[in-house]
Amino acid sequence: MLDYNRKGTLQDQTGFTWVFYGDNLKKNEFYILPRPNFIYDSSGNPALKLVTYNTDDPATKGSGFCHFEVELTVPPEIRSAIMSEIPKQFPDAGAGVVINALDYDPGAVALLTLNDGTGPLEYQAPASVFGANTASFTVDLTAKMMDTVKKILTTPGGGFNIKYTMSVPASLPAVNATLSFDSSIAYQYQVTHAQHHTWGSDTPGSVQQYLTESQSSKVNIQWGIKNPSQQLVENVTDWANQTLQTLVTAKVNEALAIANMQSSDSFNISDVSSFTNTYSENQVISWWLYPQASLPSLADLCKDLAVFCSTVDTRQETITISAHLPFSQDSQNAPNVPIKNSKPVLLDKVTVTVDYPGLNQAEATYTFAQNGSHLFTAPFNSSHGDVFDLEYTATFKDEPGQVTGKVTGINQSEYSLVIESVGILTVTFDAHQAFMSSGQDNPLEEVTIDFYYMDGMGLGAPIHQGAIIKKGQDPLQADITSYTGYPINSPYNYTVTYVYNNGLPYTGPAVKNQNGFSQIIPQANAVHETGLILAGQKDTPILDVVVNVWYEHETSIPGVPNQPSPESPAVFTLIPKSPDDYVRDTFLGFINQNQPIIYSSTIDSLDGQIVINAQKIDNHQASIMISPAQRYFTVEISVTSIDWSKAGFSNVEVLIMPMVAGVKRTQQSRSWFESDTSSNYVTVAYNEGQAVSYDWEIRYKTTGGPISTIKGTGATDIILDIPASPLPN
């Protein structure tokens, strides 16, 4: 892996400084940080297009768009020069110096910065984790911006500024770092800055801005060495802030996925759980790198601007499809390609067809053989808007059959085909936190992961795999990778079993409705933070609030001798300083509690005392809002009637659509795989006096067979018992 402290530099003839790093274990192995550049065609022309609209409308005349593609490159002459430079800067490298490809993590993005004279404008594009880390930009331009872009391209030394943000596996330097996020503080910021309802999805980098402005995040770094260099301090601080931003974004995306929301919908940050993650020396982390450079202008390349420009009479709909996939043509030697049975899983080609009114049929299909993008254009259809459908067929190099998929109602101008689209699922489980000392006399020996996945349409065989991470293993990680003959686009579930020195195991409740390429396994007794938020009210000034929180039953979580109970609840007193003050505290429950928390409170106000009786709330609820009128309704979804050994299905999904005062709330989804008999809970907030009910739908899924569905409406029961089998139609 990359050793950030083992860093060398080389300045080329243009004055650009190349950076290269040594490996943390093998002194003769090195990695070169590549440089952003245009993608060029066989004639040496950059992948660049400018289209100007020559319309009759003065508002759009002269406007248009710019499309171009970039990648990360290391020219052969630079590679040779660095090979010669390594023995000078690193005499201990010895003979047989090797330059390896960086092992990129998913989630890389490229950032374009333009300036129209009023300030910098930023545009972000996802970058492929495979091949040359390609990224494409399609930027709508006003007439003024069109002139600015043309000036940039025709000025020597004045090309576009591109900066990549990407990560590689690395070993953390001699520090202990604690990264935390408090969603209750973030919520207070959100309700007083209502324009930021999407919490960071509106502009690149805004998550970091909101974290800073709201003061809802904390970074605590403790050095294990004396007098670390200023550069190392800055690098570790950058890593911590970027990692915290990534963690919060992942939590937001997880909450959106569970609630079946789109990022453009109004989103409440109080639905996101608070968290505290700890990292220690030598832990394998994602270390952030920022390759950046100014692209050469057309003047630098001795190219005529007119070759790349065209004019049309109508506004165009631009649809950019990118392929971020392990193609055999450009990814076969990459260290991060998916593996099936010790053999790389590589694609031969992917054919995509876009459906948009007015798109010429002959131009609606394109075949990718390597990572990159393709731009589809058609006259803009005002009645249809910016919505299109996509079909694709993926053919693998050494795997039989094909993977096909269809995505409808895409309401954005860009879409990326990623490995999940073609049936490759890779999840990395990191157990570093699980093995941290918890003061137990009985140390943890290993953790076992039991992983379940079934696609939402029930088309293919379910994935059921396991992995073991043992104490002392380096790194404390395990990967689960599966190839399937259908797109993987649904959440997955997994359970973690903690095996201790005395051989007695403890299996935590199933972790459900997860997505993403990495999961952190916490300690068995890790806490779950539930924010308690009291929002002041000017019309009914509150003097103080006493809150009680407890669990109805104890569980056998290792290292937790006493849990809050009805006889000994956790007690909080919240006292506002002014009528409109926000007061908050945090209940520290447990991630591995497989039962709801119970909450009650007494509110003293100028209008008298209000008693809120005990209410069940999902243990994974991010926050409890406290007010004289706020109440919670929780339905328990039980699968105790299902005998999985006899069931004719392998997966059950339940959709709950809460109704409050006749208004639909966000639909919530819960799922079970074979052998899972635990209950799930759905909690919805309402005001006292409002009617609460829910519609439900149960989907029984069988491998490669039809989905059997039963439904109900207007339910008010607090327990929904799932029948042992689908009822006859």
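Values reported hereafter were calculated over all heavy atoms of this structure, with side chains retained and with hydrogens, waters and symmetry mates removed.
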P628: what forms a side-chain contact (heavy atoms from CB on, under 4.5 Å) with it, not counting sequence neighbours? Q537, I542, I603, I610
Hey, are the side chains of V635 and I718 touching, using non-hydrogen atoms and a 4.5 Å cut-off? no
Interatomic distance, CD1@I637 vs CD1@I656, rounded to 0.5 Å, equals 4.0 Å
dist T426:OG1 -> I488:CD1 (nearest 0.5 Å) comes out at 8.5 Å
Mind running side chain to side chain contact (heavy atoms under 4.5 Å, CB included) on L588 and E529 for me, showing each step along the way? CA-CA 5 Å; L588 299 180; E529 301 180 10; 3.7 Å; yes
Going through the checks in order, is the side chain to side chain contact (heavy atoms under 4.5 Å, CB included) test met by Q519 and F451? CA-CA 12 Å; Q519 297 290 340; F451 182 92; over 6 Å; no
Could you give the distance from CE (M657) to CD (Q668), rounded to the nearest 0.5 Å? 10.0 Å
Closest heavy-atom pair, W239 versus A177, reported as atoms and distance to 0.1 Å, is CZ3-CB, 3.8 Å
Would you indicate whether the side-chain heavy atoms of I626 and Q630 approach each other to under 4.5 Å? no
Under the criterion side-chain contact (heavy atoms from CB on, under 4.5 Å), which of E446, K470, K471 is the partner of V499? E446
How long is the span from the CD1 atom in I598 to the CG atom in N613, to the nearest 0.5 Å? 12.5 Å
For residues 680-687, dump all side-chain donor-acceptor pairs below 3.5 Å to protein atoms at least two apart in sequence or in another chain.
{"residue": "T683", "atom": "OG1", "partner": "D618", "partner atom": "N", "Å": "2.9"}
{"residue": "T683", "atom": "OG1", "partner": "T634", "partner atom": "OG1", "Å": "2.8"}

Are a donor atom and an acceptor atom from the side chains of Y551 and N619 found within less than 3.5 Å of each other? yes
Compare every heavy atom of S679 with every heavy atom of N594, then report the nearest pair and how far apart it is. OD1-O, 3.9 Å
Side chains of D430 and S518: closer than 4.5 Å at any heavy-atom pair? no
State whether the side chain of Y452 and the backbone N or O of D676 hold a donor-acceptor pair below 3.5 Å, judged by distance alone. no
Any residue meeting ring-ring contact (aromatic ring centres under 6.0 Å, His included) with F587, in chain and number order, not counting sequence neighbours: none
Atom CD1 of I533 and atom OG1 of T586: how far apart are they, to the nearest 0.5 Å? 9.0 Å
side-chain contact (heavy atoms from CB on, under 4.5 Å) partners for V511, two or more places apart: Y494, Q514
Heavy-atom distance under 4.5 Å between the side chains of P462 and N651, does that happen here? no
Non-hydrogen atoms of S627 and I612 that approach each other most closely: O-CD1, 3.7 Å
Side-chain touch L232/N5, heavy atoms, less than 4.5 angstrom: yes
At their closest point, which heavy atom of L244 faces which heavy atom of K218, and how far apart are they? CD2-O, 4.0 Å
Closest approach of S600 and W550, non-hydrogen atoms and distance? OG-CZ3, 3.7 Å
Does the side chain to side chain contact (heavy atoms under 4.5 Å, CB included) test come out yes or no for Y21 and L102, once each step is laid out? CA-CA 10 Å; Y21 300 95; L102 284 165; 5.6 Å; no
Is there a side-chain contact between V175 and Y279 (heavy atoms, below 4.5 Å)? no
For the residue pair Q245 and N241, confirm or rule out a side-chain donor-acceptor distance under 3.5 Å. no
How far does CD of Q231 sit from OH of Y4, to the nearest 0.5 angstrom? 6.0 Å
Can you confirm whether more than 12 heavy atoms, excluding those of Q222, are under 6.0 Å from its CD atom? no
Decide whether T428 and Q477 meet the rule of one side-chain donor and one side-chain acceptor closer than 3.5 Å. no
Would you give me the side-chain donor-acceptor pairs under 3.5 Å for residues 283-290, sequence neighbours excluded?
{"residue": "Q283", "atom": "OE1", "partner": "S280", "partner atom": "N", "Å": "3.2"}
{"residue": "Q283", "atom": "OE1", "partner": "H432", "partner atom": "ND1", "Å": "2.9"}
{"residue": "S286", "atom": "OG", "partner": "D105", "partner atom": "OD2", "Å": "2.8"}
{"residue": "W288", "atom": "NE1", "partner": "T243", "partner atom": "OG1", "Å": "3.2"}

Yes or no on side chain to side chain contact (heavy atoms under 4.5 Å, CB included) for N489 and E420, after CA distance, side-chain angles and deciding distance? CA-CA 6 Å; N489 51 12; E420 294 91 342; over 6 Å; no
Close side-chain approach of Q593 and I557, heavy atoms under 4.5 Å: yes
What I want to check is whether the side chains of H464 and D450 have a donor and an acceptor closer together than 3.5 Å. yes
Listed by chain and number, what are the side chain to side chain donor-acceptor pair (under 3.5 Å) partners of E414, not counting sequence neighbours? none
Minimum-distance pair of heavy atoms, taken over all atoms of N592 and Y498: ND2-OH, 3.8 Å
Would you check if H620 and P509 make a side-chain contact, meaning some heavy-atom pair closer than 4.5 Å? no
Modelled atom types, side-chain donor and acceptor of Y599 and Q621, under 3.5 Å: no
